[in-house]
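Scroll down for the structure; my scribbles are underneath it.
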Amino acid sequence: MAAKIIKGTEVAKEIRQELKREVEELKSKHGVTPGLVTILVGEDPASVSYVTAKQRTAHDLGFYSVQDNQPADISEEALLDLIDKYNKDPKIHGILVQLPLPKHIDETRVLYAIDPKKDVDAFHPVNVGKLLIGEPDFLPCTPHGIWQLLIRSGAKIEGAEVVIVGRSNIVGKPMAAILMQKHPNANATVTVCHTKTKDLAFHTRRADILIVAAGRPKAITADMVKEGAVVIDVGVNRIGTTPEGKAILCGDVDFDAVKEKASMITPVPGGVGPMTITMLMYNTVKAAKLAAGIKD
Ligand code: GUN
């Protein structure tokens, strides 16, 4: 039987509606307006489109939102000064520096300069460490989005064999940390595979939940997937352009073949993608609540 398609676009919309109500309540009951600044250095077209989408969503949810564009030749010191300014600005609860940064800027130094309480990407080592010990303030946006997709689709996570393909700091590692926590919606047995894994298919075939962030188009074929598995595809590979100039996207999973074997699967596009920006908004609301001492 063909798999149920997990529609990230719809789950993202549902969470945004919840956030919108929460923002209205924060404003009316507490006089708090979540504030997000997105800092864009240079004019890389992909980064411009991501940042524009983040700003549009922040605006739609009723945030105080600031788009701060800086020239590609800004010095590292000037960028650090800018971050310091927003660290001290009480109207700003979340600071996002769009990556990648130009080569002359040390990305690590910039990310470490963001106040961990305003680090809505959750890339700062304080937030990475807090996640690992099971006391997170913020979860990184893409793995948090995947977690929400699993929970809201009714996937059984507790006790499941979860196999993650890819060990990046942004997806694979934090995804493993989230799903192995002692938490009723986690408590999974997690395996992380990577480019040096000896027999990838041996591991993926054991997975009840297979999460793929390998960065290779159609890296996962149907013979590598167990009957009835839940398959989450984080891949965004541009495999061509339409005559109108739009990118043609494909995931890391051979969707058409795997959907005949899986019980649930995310499409590309319209699966994990829409969740990432939504969880950034969630983190900004959470940062505003933490700053104001408001409990959930
Ligand atoms: N560039 C691509 N993805 C991301 C992200 O999640 N956060 C930031 N800051 N930059 C990115």
Side-chain angles (χ1 to χ4, degrees), residues 8 12 15 35-58 63 65-70 72 74 76 79-80 82-83 86-87 92-103 105-128 131 136-149 166-175 177-178 211 213-215 232-238 247 249 251-252 268-269 271-287:
I15 297 176
L36 174 69
V37 59
T38 48
I39 301 173
L40 175 65
V41 179
E43 291 170 4
D44 171 66
S47 293
V48 169
S49 88
Y50 284 134
V51 164
T52 306
K54 288 167 188 177
Q55 277 299 319
R56 194 187 322 116
T57 312
F63 288 13
S65 61
V66 178
Q67 172 58 40
D68 193 325
N69 293 325
Q70 295 294 329
I74 187 177
E76 190 173 300
L79 185 56
L80 292 171
L82 190 66
I83 290 170
Y86 289 119
N87 278 342
I92 294 294
H93 304 103
I95 302 172
L96 181 133
V97 179
Q98 187 65 24
L99 304 176
L101 289 169
K103 286 201 175 59
I105 296 176
D106 180 348
E107 217 160 78
T108 307
R109 204 169 159 221
V110 169
L111 294 179
Y112 287 19
I114 297 171
D115 180 344
K117 293 190 169 56
K118 298 191 177 190
D119 170 37
V120 283
D121 261 327
F123 291 164
H124 192 287
V126 165
N127 288 317
V128 177
L131 166 58
D137 291 323
F138 307 111
L139 296 175
C141 303
T142 300
H144 191 187
I146 294 168
W147 195 27
Q148 285 298 316
L149 285 180
R167 57 177 158 185
S168 71
N169 290 331
I170 296 181
V171 183
K173 284 186 207 166
M175 189 78 256
I178 291 170
I211 300 171
I232 305 289
D233 189 349
V234 194
V236 186
N237 305 292
R238 278 161 217 269
L249 300 181
D252 291 350
V268 177
V272 174
M275 296 298 289
T276 300
I277 292 183
T278 301
M279 302 328 286
L280 174 71
M281 302 302 140
Y282 177 97
N283 279 349
T284 307
V285 170
K286 179 134 192 225

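Only this structure's heavy atoms are used, side chains among them; waters, hydrogens and symmetry mates stay out. Every number for a ligand or one of its atoms is a count from 1 in the order of the listing.
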Are [X] and [Y] packed together at the side-chain level, in the sense that at least one heavy-atom pair is separated by less than 4.5 angstrom?
X	Y	value
Phe63	His93	no
Asp106	Glu76	yes
Ile114	Tyr86	no
Leu111	Leu99	yes

Identify the closest protein heavy atom to [atom]: which residue and atom is it, and at what distance?
atom	value
atom 1 (N) of ligand 1	Leu99 O, 2.9 Å
atom 6 (O) of ligand 1	Asp121 OD1, 3.8 Å
atom 3 (N) of ligand 1	Gln98 NE2, 4.5 Å

Requested in this report: Pull out every atom of ligand 1 sitting under 4.0 Å from any heavy atom of Val97, numbered as shown with elements.
Outcome: 8 (C), 9 (N)
Report task. With heavy atoms only and a cut-off of under 4.0 Å, state how Tyr50 meets ligand 1: side chain, backbone, both or neither. Result -> neither
Query - Parallel, tilted or perpendicular, as decided by the 30° and 60° cut-offs, for the rings of His124 and Tyr112 - result: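 Ring orientation of Tyr112 relative to His124: tilted.
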Query - Heteroatom proximity flag, Leu96 to ligand 1, N/O under 3.5 Å - result: no
